[in-house]
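Worksheet for the structure shown next.
Hydrogens, waters and symmetry mates play no part in the numbers below; they use all other heavy atoms, side chains included. In what follows, residues are counted from 1 in the order of the sequence shown.
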Amino acid sequence: MLARQRQEVILEEIRRTGAVQVHALVGRLGVSDMTIRRDLDVLAKRGLVEKVYGGATSVVGRSTHEPGFEAKSVRALPQKEAISARAAGLIRPGTAIGISAGTTTWTFARFLEDVPELTVVTNSIQVADVLRSGGRTDRTVVLTGGVRTPSDALVGPVAVQTLRSLHLDVVFLGVHGMADGPGFTTPNINESETDRALVEAGRRLVVLADHTKWGVVGISTIAGLEEADVLVTDDGLPEDAVETLSAVVGELVIAQAECPEAEVRA
């Protein structure tokens, strides 16, 4: 098992139980305690876990906690890629789309290389860099401008004013959390205002959120669950969440993490 795969297993266990112990991970992953400690060091430096004696605990849970882009980019990678592949199939050539900031939407942007004649509006430096690096001459990329956040989003009055003047076919939204009641949320109040302006600019809303986002609540709501025309998630989503979301979103698409095929639930 590669280091990245071990670290994803460790993160998933911490999300599930709140903490891990080195000796338990040694037995589960079949590696030395030194290897596990190195993995924990890497995760701690990225702000994903807090090291304690004999193991590590979660640092997630505060409604205003916002890890940086690099920290979030290693989370749920197979799930994000499966979600992105499925979501890319929803785009028609020649349309104008909006893409919010985040590591899931950054992954999604990498799957758009073969879609011709796109106009893309984004408040993400990382997303814009991906789209511009492809070298397509039939693509227009508009970066909103604004103040930069820890997750490399551009937010604030400049971004909001830009978005309020635009009319987009589809908006693809990444979120920090989703829950029954609060809806789709973010830990950054300024980012929520910008994301709301982006949502309002689109005729359709597609939310991209892996299963680890379920039950997570940030300080500010971007949109209610019922506002999503489509929610693309992965097959790690608990059954009770599937039932809840199926009843409120327009269409629930569940991407298989091991295979990019998807099951669609109306």
Side-chain angles (χ1 to χ4, degrees), residues 8 11-19 47-49 57-68 71-73 75-76 79-80 82-84 86-87 99-105 107-108 149-151 153 155 171-200 202 204-255 257 262-266:
E8 183 61 32
L11 284 173
E12 189 63 34
E13 182 65 15
I14 289 177
R15 293 189 196 106
R16 189 177 66 84
T17 65
L48 297 174
V49 304
T57 62
S58 174
V59 296
V60 180
R62 303 186 301 276
S63 62
T64 56
H65 176 70
E66 183 177 16
K72 293 191 290 185
S73 67
R75 296 179 177 175
Q79 291 81 4
K80 290 175 181 176
I83 289 167
S84 297
R86 184 65 184 89
I99 304 178
S100 74
T103 55
T104 304
T105 49
T107 303
F108 167 67
T149 72
S151 60
V155 302
V171 167
F172 293 87
L173 178 71
V175 299
H176 173 76
M178 56 179 174
D180 191 17
F184 301 108
T185 60
T186 173
N188 187 303
I189 294 175
N190 290 328
E191 188 165 355
S192 70
E193 182 183 14
T194 303
D195 283 345
R196 281 195 292 270
L198 180 61
V199 169
E200 291 168 2
R204 283 171 54 81
L205 174 61
V206 179
V207 178
L208 313 181
D210 68 77
H211 72 278
T212 66
K213 306 296 178 64
W214 178 250
V216 176
V217 178
I219 192 172
S220 185
T221 295
I222 302 167
L225 298 180
E226 71 282 356
E227 294 181 61
D229 295 290
V230 182
L231 169 60
V232 188
T233 185
D234 66 88
D235 55 349
L237 193 68
E239 191 59 36
D240 63 330
V242 171
E243 294 177 4
T244 297
L245 291 166
S246 295
V248 291
V249 303
E251 182 179 47
L252 180 63
V253 177
I254 300 180
E263 177 184 355
V264 178
R265 308 191 185 205

_Non-hydrogen side-chain atoms of Trp214 and Leu245 separated by less than 4.5 Å_ = yes
*Is there a side-chain contact between Phe184 and Leu225, using heavy atoms and a 4.5 Å cut-off?*
yes
*Which pair of non-hydrogen atoms, one from Pro182 and one from Asp180, has the smallest distance, and what is that distance?*
CD-O, 3.0 Å
_Can you tell me how far apart CE (Met178) and OG1 (Thr212) are? Round to the nearest 0.5 Å._
8.0 Å
*So, the side chain of Thr104 versus the backbone of Ala209: is there a donor-acceptor pair under 3.5 Å, distance only?*
no
*Compare every heavy atom of Ile99 with every heavy atom of Leu198, then report the nearest pair and how far apart it is.*
CD2-C, 4.0 Å
*To the nearest 0.5 Å, how far apart are CG in Asp195 and OG in Ser100?*
5.0 Å
*Are any side-chain N or O atoms of Asp234 and backbone N or O atoms of Ala255, one a donor and one an acceptor, separated by less than 3.5 Å?*
no
_Interatomic spacing from CD in Glu243 to CG in Leu237 - rounded to 0.5 Å_ = 10.5 Å
*Given Ile254 and Thr233, is the side chain to side chain contact (heavy atoms under 4.5 Å, CB included) satisfied, shown in steps?*
CA-CA 5 Å; Ile254 300 180; Thr233 185; 4.2 Å; yes
*For Ile189, does its backbone N or O pair with a side-chain atom of Ser220 as donor and acceptor, under 3.5 Å?*
no
*Distance-only donor-acceptor check, side chains Asn188 and Thr186, under 3.5 Å*: no
*Grab the two heavy atoms, one from Thr105 and one from Leu173, that are nearest each other, plus how far apart they are.*
CG2-C, 4.2 Å
_To the nearest 0.5 Å, what is the distance between CZ on Arg196 and CD on Glu227?_
10.0 Å
*Can you tell me how far CD1 of Ile222 sits from OG1 of Thr194, rounded to the nearest 0.5 angstrom?*
10.0 Å
*Note, His176 side chain near Ser192 side chain (heavy atom, < 4.5 Å)*: no
*Locate the shortest heavy-atom distance separating Val207 from Ala228; write the atom from each residue and the value.*
CG2-CB, 3.9 Å
_Closest heavy-atom pair and its distance - Val175, Lys213_ = O-NZ, 2.9 Å
_Closest contact, heavy atoms only, Ala87 versus Val232_ = CB-CG2, 4.4 Å
